[in-house]
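Reckoned from all heavy atoms, side chains included, excluding hydrogens, waters and symmetry mates.
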Number of protein chains: 2
Amino acid sequence: MAKKHNIPVETIKRTITYIRYLEREKQKGVKIISSRDITSLLNIPPAQFRKDLSFFGEFGKRGVGYNVDILIETLKQLLGLDRKVKAIVVGAGRLGTALVQYPGFLEINVEIIGAFDNDSKKIGQSIKGIDIYDIKNIKKFIIKNNVKIALLCVPSDSAQIVANILIEAGIKSILNFAPVVLILPEGINIANVDMASEIGSIIYRMKETVQ
Amino acid sequence: MAKKHNIPVETIKRTITYIRYLEREKQKGVKIISSRDITSLLNIPPAQFRKDLSFFGEFGKRGVGYNVDILIETLKQLLGLDRKVKAIVVGAGRLGTALVQYPGFLEINVEIIGAFDNDSKKIGQSIKGIDIYDIKNIKKFIIKNNVKIALLCVPSDSAQIVANILIEAGIKSILNFAPVVLILPEGINIANVDMASEIGSIIYRMKETVQ
DNA sequence: TAGATTGTTAATCGATTAACAATC
DNA sequence: TAGATTGTTAATCGATTAACAATC
């Protein structure tokens with residue numbers, strides 16, 4: 001029975017990993033795959049894969065496994081990754097310009113269509129065909145191109161201010177790379193990529209295991 | 001009573017956020033802070049802050065709050081962030097070179113001391129004073145400098161192979177930016193920064209809330 | 001002392017894992 | 001049919017939140 005809603009965030013993230021690995025198996029010519037086979041590649045228990053899928057519906061054949069092609073297509077559709085999704089990068093520093101051409105986004109159909117900055121030296125330049133625009137013109141751009149997602153790569157000091165501008169301009173979702181907690185209105189989606197706290201947690205674990 | 005071990009990963013990550021915000025309050029001249037005041041900046045319940053701290057020990061004064069200076073120093077020490085920690089970047093592409101100068105690492109005392117690549121065009125160059133070395137010489141470098149942490153920014157195809165080389169060379173912890181699941185021996189610490197699955201989860205949530 | 005805030009216990013909530021009936 | 005594997009229920013595990021006694 002197809003359920004909906006209240007799907008755990010971790011289930012969603014794992015599902016994207018499933019799609020990636022299913023694509024790779026498809027490349028190798030695999031047509032049918034079992035929960036045991038796919039999870040052995042991912043270092044997770046088979047039950048978790050089946051449980052995760054059960055949030056979306058039923059996709060397998062008992063005694064047989066899952067049709068790789070159909071599973072890929074269905075999962076992509078359910079997550080909204082079956083069509084190109086446009087996004088912009090805000091803050092065209094080292095990190096921002098790296099994200100403009102990050103291949104992992106293309107894999108899931110996310111396309112960066114522009115970058116923004118307030119530095120006149122950067123405005124007008126382009127990276128791999130993606131232009132850097134003046135942040136002053138961001139609202140026009142967002143409306144014209146119907147962009148809903150922004151990757152926020154500005155310095156910590158200005159992250160909240162720029163986030164406010166983005167929302168004012170019509171952005172609905174922010175992937176935040178600045179190590180600050182953004183305060184945002186209801187209805188805005190936020191995910192934080194906090195590289196420093198990831199590395200910090202590694203340092204702590206190392207301390208524990210070495211001692 | 002000071003406990004240890006089995007501290008949840010999420011508690012560790014939040015603790016790093018606490019340190020960052022305590023530093024900022026310290027800059028503003030705040031000497032004493034309550035769980036309510038700090039968590040109001042972080043959008044989390046005060047009880048979570050106190051619960052998190054309780055994994056490490058007792059640091060506050062009832063009826064008063066926490067001494068900002070002492071709390072910062074103690075938490076840093078407990079996490080192993082009170083002294084400089086050396087790390088290397090492996091894969092000197094766009095993302096790798098961005099990480100070399102990422103200011104968020106310095107904030108928590110992590111210092112990138114070198115970058116490695118197998119591309120002869122990159123080897124010998126330097127970014128902000130950090131040299132790019134031939135990956136062939138990585139083992140010597142790691143031993144000589146006693147490096148334990150690597151930031152892995154190579155293409156997905158080679159991530160597992162390069163990870164094996166790193167471990168062989170003596171690396172104990174890997175922060176992996178490639179969208180693959182690495183299979184590693186017991187005792188090696190791993191954290192994954194999966195930007196694509198973060199953005200994918202945002203797309204799904206947007207789909208749900210808009211409909 | 002009275003008011004405030006901690007540290008911790010207990011209750012709640014949610015996610016993971018195990019087990020197994022359903023069924024291909 | 002016999003063997004295999006799914007989908008789901010129930011059990012377990014862990015994390016978050018609420019409540020409050022301790023105490024500054």
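In this structure, of D:dC20, D:dG7, D:dA15, it is D:dC20 that holds the atom nearest to the side chain of B:Arg50. In the set C:dA18, D:dT16, C:dC20, C:dA18 carries the atom at the smallest distance from any side-chain atom of A:Ala47. Distances were taken from every side-chain heavy atom of A:Lys61 (C-beta onward) to each of C:dC24, D:dT16, C:dT8; the shortest belongs to C:dC24. For B:Lys51, the side-chain atoms get nearest to D:dT17 when compared with the rest of C:dT6, D:dT17, D:dT6.
A salt bridge links A:Glu25 with A:Lys28; the closest basic N to acidic carboxylate O contact falls under 4.0 Å. A salt bridge does not link B:Arg14 with A:Asp194: every distance from a Lys NZ or Arg NE/NH1/NH2 to an Asp or Glu carboxylate oxygen is 4.0 Å or more.
For the residue pair A:Thr97 and B:Arg94, a side-chain donor N or O sits within less than 3.5 Å of a side-chain acceptor on the partner. Under the 3.5 Å distance criterion, with hydrogens and angles disregarded, no donor-acceptor pair is assigned to the side chains of B:Glu168 and B:Asn164.
At a non-hydrogen distance threshold of 4.0 Å, B:Ser34, B:Ser35 from residues 29-45 of chain B come into contact with DNA chain C. Looking at residues 62-70 of chain B, you'll see B:Arg62, B:Gly63, B:Val64, B:Gly65, B:Tyr66 sit with a heavy atom under 4.0 Å from some atom of DNA chain C.
When each of B:Phe59 and A:Asp52 is assigned the nucleotide of DNA chain C bearing its nearest heavy atom, the one mapping closer to the 5' terminus is B:Phe59.
Side chain of A:Ser158 to backbone of A:Ile161: no donor-acceptor contact under 3.5 angstrom is found. Of the possible donor and acceptor atoms, one in the side chain of A:Lys86 sits under 3.5 Å from a partner among the backbone N and O of A:Asn145. Put simply, the side chain of A:Thr17 gets close to the backbone of A:Lys13: a donor and an acceptor are under 3.5 Å apart. Judged by distance alone, the side chain of B:Asn189 and the main-chain N or O of A:Ile202 form no donor-acceptor pair under 3.5 Å.
Remark: C1' of C:dT23 and CD of A:Glu58 are 11 Å apart, rounded to the nearest angstrom. For the pair B:Leu71 CG and C:dG7 P, the computed distance is 9 Å after rounding to whole Å. In this structure, the OH atom of A:Tyr18 is 13 Å from the P atom of D:dT6, given to the nearest Å. One can place CG of B:Leu53 at 16 Å from P of C:dT5, the figure rounded to the nearest angstrom. Across the protein-nucleic acid pair, B:Gln48 atom CD and C:dG7 atom C1' stand 15 Å apart, rounded to whole Å. Atom CD1 in B:Ile12 sits about 16 Å away from atom P in D:dG14, given to the nearest Å.
Pair check for C:dT16 finds D:dA11; Watson-Crick or G-U wobble, both atom distances under 3.5 Å. Base-pair partner of D:dA22: C:dT5 (Watson-Crick or G-U wobble, both distances under 3.5 Å).
Under the 30°/60° scheme for interplanar angles, the aromatic rings of A:Phe116 and A:Tyr133 are found to be tilted.
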